[in-house]
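Residue numbers start from 1 in every chain, and the chains themselves are labelled A, B, ... in the order their sequence lines are given, proteins ahead of strands.
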Number of protein chains: 2
Amino acid sequence: MCSASKWVYAFSEGNGSDKMLLGGKGANLCEMTRIGLPVPPGFVVTTEACLAYLKENRLPSGLMEEVRAQLSRVEEAIGRRFGAAENPLLVSVRSGSAMSMPGMMDTILNLGLNARSLAGLISATGNPRFGWDAYRRMIQLFGKVALGVPDEPFDREMALLKKEAGVRQDVELEAEHLQQLAQRFLEVVREHSGRPFPDDPHEQLEIAIAAVFRSWNGKRAIDYRRQFRITPQMANGTAANVCTMVFGNLGNDSATGVGFTRNPGSGERVVFGEYLTNAQGEDVVAGIRTPKPIAAMAQEMPAQHAQLMELAAKLESHYREVQDFEFTIERGKLWALQTRNGKMNALALVRTSVEMEREGLIDRQRALLRVPPEMLEQLLVPRLDPSFKGQPLATGLPASPGAASGMIVFDADTAEARGKAGEKIILVREETKPEDIHGFFAAQGVLTSRGGKTSHAAVVARGMGKPCVSGAESIVVDVHNKVANVGPAVLKEGQVITIDGSNGAVYFGEVPTVEVEFSQDMATLLAWADEAATLGVRANADTPRDAQRARDWGAQGIGLCRTERMFNQMDRLHIVQEMILAESKSARLAALEKLRPTQKDDFRGIFTAMSGLPVTVRLLDPPMHEFLPTVAQLELEIAHLRHFRDAVASLEEMPETLKLLSPRLHHKYEPGLAKLLAGLGEFKGSHLEDDLIEKKTEVLRKVKAMAEVNPMLGHRGVRLAITYPEIYEMQVRAVIEAAAECVRDGIEVRPEIMVPQVVTAEELKRIGELVTRIHREVQAAYGVEVPLKFGSMIEVVRACVRAARLAETAEFFSFGTNDLTQATFSFSREDAENKFLPLYYEAGLLRDNPFEVLDVKGVGELMKLAIAKGRSQRPTLSVGICGEHGGEPSSIRFCHHAGLNYVSCSGPRVPIARLAAAHARLREAEYRED
Amino acid sequence: MCSASKWVYAFSEGNGSDKMLLGGKGANLCEMTRIGLPVPPGFVVTTEACLAYLKENRLPSGLMEEVRAQLSRVEEAIGRRFGAAENPLLVSVRSGSAMSMPGMMDTILNLGLNARSLAGLISATGNPRFGWDAYRRMIQLFGKVALGVPDEPFDREMALLKKEAGVRQDVELEAEHLQQLAQRFLEVVREHSGRPFPDDPHEQLEIAIAAVFRSWNGKRAIDYRRQFRITPQMANGTAANVCTMVFGNLGNDSATGVGFTRNPGSGERVVFGEYLTNAQGEDVVAGIRTPKPIAAMAQEMPAQHAQLMELAAKLESHYREVQDFEFTIERGKLWALQTRNGKMNALALVRTSVEMEREGLIDRQRALLRVPPEMLEQLLVPRLDPSFKGQPLATGLPASPGAASGMIVFDADTAEARGKAGEKIILVREETKPEDIHGFFAAQGVLTSRGGKTSHAAVVARGMGKPCVSGAESIVVDVHNKVANVGPAVLKEGQVITIDGSNGAVYFGEVPTVEVEFSQDMATLLAWADEAATLGVRANADTPRDAQRARDWGAQGIGLCRTERMFNQMDRLHIVQEMILAESKSARLAALEKLRPTQKDDFRGIFTAMSGLPVTVRLLDPPMHEFLPTVAQLELEIAHLRHFRDAVASLEEMPETLKLLSPRLHHKYEPGLAKLLAGLGEFKGSHLEDDLIEKKTEVLRKVKAMAEVNPMLGHRGVRLAITYPEIYEMQVRAVIEAAAECVRDGIEVRPEIMVPQVVTAEELKRIGELVTRIHREVQAAYGVEVPLKFGSMIEVVRACVRAARLAETAEFFSFGTNDLTQATFSFSREDAENKFLPLYYEAGLLRDNPFEVLDVKGVGELMKLAIAKGRSQRPTLSVGICGEHGGEPSSIRFCHHAGLNYVSCSGPRVPIARLAAAHARLREAEYRED
């Protein structure tokens, strides 16, 4: 079969870019050889040979002839002979597939050893212990990988031997012991494989190549490919790389080490790495000896150091990327054993991108593309010191990234008080409610024991850019006693904890954190990104302060300003509640009139912060009951009030009771009692209005009446405006008046008003008429022209289908993909993420969480439909997205291809989105939806 | 302007089909004249003249010349002269537009009366009182309609006159009084209009025509057109019909009456109607004298009776429809005054359709199209006797049509017991739960004080075809004391009430009902419908009994068999709960194995009832917590159990307490106490297991853990099968085993298995593999071939978008438009119908409730998308609908045009759907989506 094929390529023959044929490692060895780097001679048996082997269950005919021919060339090049009695050539056989699968397939070292060549090795190294150790290891590894002998009998012999020798550690064994062990291992192999250990080096090599090929279908490898979704097309078998063994442990003129061409922690342009003299690669890993920094080699081995610097420079200028390489110095001779692109942290990635571009090593496109957008998050939020290794006390959901430490506080009022006193606070709650908002402002971070990634705590914390861990269910919060239990442990108010909102971990005590580093290099890189991108990036921001921060992060406008966040602020919530509970329209109007000035001030502040840039204001969206206390809370309050009232009543009876006592006792207690009763009277007058219980009971009744079976699909968004038009009227007026005042003060404004939850064109038309009327009235009243755009959220499926009609009124669309995803899947996010979504990934039914990564096939199709319909009606229609997907790189890529004008995301994700938008543009050609 | 137009058409000139020009009434008068019926002479002033008048605010030039010319021809034809002193011609001017707007515009009678002609009228009739009465009425009507004089001054004069005359009733006034009144009325007109009452008959006529034209834009008419959505295109002004007045009150040779060409209550082919001799039309209406049946005329006025029969025959054979006509006999001469299509009840409509077709009067198409499908409901459920006029005690939502009477019962157990005892029961609950299901079986009807049209009570009752009124909020149910309060009234168990599920009314006592009449005529008509239709009709049915009934109603299969209904039956619910609460998979499997035989029996029964027809079984759909008690119920039970346990404990202490009493008392109580304690011990042993409270508490914990924020979008449908595959496995096995047993017994089966809530193709594929495996296993085990189809519900938006991929696995689709509508609108039905949907209709934002009438523009678009994608993948894909829309005629029409293969609806709606399917086919050409 296929006898015409060439199965084997010398490192000097192989095409370094053909990873499919040669595997990643093989291609790199060829490439390094090709560009003149000192790679130990060797050759690659191709992946095609692997597939042929696996198909026929035998090595293709002619293959071993090619191997032998290549081996002769290696012997010639290195000047040693395979299996020779003197200074023998030893080789390794290593796996290496096109897709990196580290450690998943097998490798055999020191092939070519037998009794004869071992003697040669010992005399060449002058180290019998090393020789015998290498031999016994080779026997075990070969036995296991190539002949299927389990570890257990080897381990048993080793244990027996150590007992006989009276030692406890392997390293205490002498050369004679190891010699003895090698003999016993040979016996083990014979027993278990039913044949003697192959003594012929060529036979060893043939068996080893087949074994490496077989390891492609080993359990580990198959599991790995399934786990990482490596499809059959991408996965085409492994190559077998046969390479001359070189030893860094042949004396003090030998060494081994690893290096990076630049510092992978800081990006600094200096070769970075470690080495050990007279050592093997595994010694560096084992950590028994402490390696030295590469800089030390300049003194210790100056010539080799110079060669190494030259090697590094050559690698980088060839690969045009920071390289992570391995080297060995065997008796003064430097060998390059491996190279690959260096893994770096975000800081280093950004710095090297900018510097390599300036050095002319890479162009701007490459500089942008080599930084994965998601990695920037490291630079935008504080994170735990990477060297910290502690065990978390509890784990919840990573609800808002970043790390923070602080003293535990169980309620927002205390948080505010202690925060004002300059203390660092972590607010710990069962779950948070709008009335906790002042606690968020005061806290470094938020921890809840209930709720998912869209819980109130998570959403608010993300908006503020504060760390949050939500749903840490093992923490049982007892707010009344100001303690929390975590299993047997007790957390008290004032104790310090650390939360990591990037992975959901909660730790006792203060864990050191690494602070935000928004460097000049980052600014440079992101400026290049903005030049490259065609998709704009806006931020979601609800307050002047958030708006300013968003602008600092490079937002090109506000894509979503949620007016309900303004309602939720502590000083307004009671007016909002008054408005909601109003019995008449006039009472509601009165409450709204109280809210209007504060809303106007908010908008003025935001418009001022964003002068010259668009600000999209969304009118009130959530159902009204979200602003009211819960049924449980009210019932508790009422019960407490009743209890208290009863206690007061029984206290009041005390004077009568006292009269039944003897006159002496009576006389004794009376004065104190009089004072107590006086105090009680005063207290009642100021705190216990007679009708408080009735009032609360009435509120409870209303809260119950407002309860909804499926609040996600309930009375909210524009539906509120149909039942209570006065709310939107107030908000629209506040927006346009704020804009008018800015215009009057010479500030350039670009307000946009957006209606949530639109289902029918008629709804939008009605609100549009209201906006037009108020726009006209305010312009007349202020005597200025106020620019204004009017648009629709597209977050209901029907709005997608009816987009052409909506575009008759809407000048822009903004996709609310959080809600749209829920409606498209009929998945309630809060329920799904807790109850069944994890099983969907596990069972392979969904690749990603559709609430994190936009579902291109479902939700994306509806978006494309809406855009096509909308623009067919209004070609100039501007389209954005303001769901959480607006900050997720692969979703941003889809948005670019779907023809959106901008994405809008939470402030801290703006830099990520800017870079992702550039990537989307630069990688257009590769894009496919699958 | 437009002087070239012809503004006026004699009845003999007009084209009877040109309603746009002549109005409906005018066209009919022309048509009757044209076919030789004795219509009093007259003419029509056209709608074009009306529009010209309204535009120019004056009658078009030349119009009155045409009117006078036509009037001369009328005078000639009738042999009287307009305004003459002897036997004068009087005319009426009546409005009449193209669209019927009864009573919304004005009419003036007896034009042509003045002092001179009145004398002529009096001498011709010999009745001065009649003459003066006609005159004073004409003055008031003309004054009001033509001159804008309000009623109030006329009424004041009338009151004054009656006081002067010393009488209380108008009818007590003598001729002299009325003469006096006419004089005063003339004065009133002069005062209020500032001009004398026009004496010139021609002037009267001109003013009257203009007044009728103006009434087109009167407030009543405009409101009516808005209310009934009569668009400007349809509404093009009113004609003015000028017609010779004829009088049925000129002696015993005169009469007036109304008739139907067939009996509108029964459809019997016999002229049906009433008349009064020596009377005017208004006398028939006023009801002062009792009219006689038309049959009586055969004796009383045989010649005229014969003429009338001929008239009726002519009308029917001309219009080819049952006619509702008015006639007057003036001095022996029969005049036809009006005809229109007769309004009939459903019984009459069906019978006349079948009989007229057999008589050759109409063809089958017409026979089908003249019966509105919705009207058949009258014949399919019992309804209140139409003659009953009582006031309802309370009103709720019409949740399941039909009327029923019975004794109030407040719990399902009592309902079952009393039902078995043969009593008629109405189950009255705050709301119902699955565990009430045996109460439904026992009851004649169900009444709830809470919940909407999709509440448990409503859905279950509709499925069973039993009447239900839901959400009658004024009824406060106190289940513990077995009473309900309705305002001050108290309803006790055992009292009789009647509910009308067709309009939501609840009455005290037993109201007579009219029973179902599924006649041979109906069967004939529906057989014709099936021949005409291309869209099939199946039924939703969950039990063998429902299936049999559905087959009787003509269902061509079961389109939806909900397996959860089977779970809900009382004898199974506890096993289902055991399954849900199982701590381990093995415990769950054990519970499922207990359920399998009962499910299999159900399926066998259904397959047997539907032998030869397809039965689509939907696997388990609702979230598991629906099968469990509510949190509130459990909390109450636990509290009661604790209370009871404490009571028992204190009883147990009694012997000790008793020892403190005096020996005599002690001795007296001891024997009784010993018995009490013995009984208590026995009771505790049998009823109060120690761990019951703990068990309930554990269930409570689980129920709380299963609670969902948005259950509609929660853990349900196929998502359950991903987490608990064993449930679907059991159900699939039960279906196929049941089918196999039927095959073995020679029964032809066509089972179809359907998966609910499918979101991804992969979900469907997994379940498909499960079905295929079990299908193979069962066939092998039974040794028979079992036909089987596998398909998907399409009720999630994403399923519509991904329909092509789903059709790779699905052999059929079934649209679940209840859920699909909720997801498309983001409206939770339960919340929307109570909270904001009513306002949407009121504000004109939605024309219909999208949960009742399919939203063609939104949901319909998604359906069409899914069908196109599905059939692009699998051209033979069968498509149905099983949401409630499947029984609603306009939705059925959409389904026909969207290319569905069948609709499936609740059993009692099958006949309606069959007729609607025929209508959809026959009216294809007229269809448009707007």
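Heavy atoms closer than 4.5 Å to chain A are found in the side chain of B:Val759, but not in its backbone. Both the backbone and the side chain of B:Thr824 come within contact range of chain A, judged by heavy atoms closer than 4.5 Å. Neither the backbone nor the side chain of B:Ala761 comes within contact range of chain A; no heavy atom of the residue lies under 4.5 Å from a heavy atom of that chain. Looking at B:Arg802, the atoms closer than 4.5 Å to chain A (heavy atoms on both sides) all sit in the side chain, from C-beta outward. Contact of B:Leu720 with chain A is not made at all, since no heavy-atom distance falls under 4.5 Å.
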Could you check B:Leu846 against A:Thr760 for side-chain contact (heavy atoms from CB on, under 4.5 Å), going step by step and ending with a plain yes or no?
-> CA-CA 8 Å; B:Leu846 283 175; A:Thr760 72; 3.9 Å; yes
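In this structure, B:Lys864 places its NZ atom where more than 12 heavy-atom neighbours from other residues, nucleotides or ligands lie under 6.0 Å away. Sparse packing is recorded around CD of B:Glu473, with 12 or fewer heavy atoms of other residues, nucleotides or ligands lying under 6.0 Å away.
Residues satisfying the side chain to side chain contact (heavy atoms under 4.5 Å, CB included) test with A:Ala399, not counting sequence neighbours, are A:Ala458, A:Cys468, A:Ser470. For A:Arg716, the salt bridge (Lys or Arg N to Asp or Glu O under 4.0 Å) partners at least two apart in sequence or on another chain are A:Asp621, A:Asp819.
Atom CG of residue A:Leu839 and atom CD1 of residue B:Ile722 lie 8.0 Å apart, to the nearest 0.5 angstrom. In this structure, A:Ser826 OG and B:Glu795 CD are separated by 7.5 Å, a value rounded to the nearest 0.5 Å. Put simply, OH on A:Tyr840 and CD on B:Glu763 are 3.5 Å apart, with the number rounded to the nearest 0.5 Å.
Under the 3.5 Å distance criterion, the side-chain polar atoms of B:Arg766 are matched with a main-chain donor or acceptor of A:Ala843. Counting only distance, with no hydrogens or angles, the side chain of A:Asn710 and the backbone of B:Met712 share a donor-acceptor pair below 3.5 Å.
What you find for B:Phe836 and A:Thr723 is that their closest heavy atoms are CB-CG2, 4.3 Å.
Here A:Val709 is the residue among A:Val709, A:Val859, A:Val796 with the most heavy-atom pairs under 4.5 Å with chain B. Note on A:Ala832, A:Gly714, A:Ala823, A:Pro711: by heavy-atom pairs under 4.5 Å with chain B, the leading option is A:Pro711. Ranked by heavy-atom pairs under 4.5 Å with chain B, the list A:Asp855, A:Leu862, A:Leu865 is led by A:Asp855. Between chain A and the options B:His715, B:Glu762, B:Glu861, heavy-atom pairs under 4.5 Å are most frequent for B:His715. Of the listed residues (A:Arg719, A:Lys765, A:Gln822), the greatest number of heavy-atom pairs within a distance under 4.5 Å of chain B belongs to A:Arg719.
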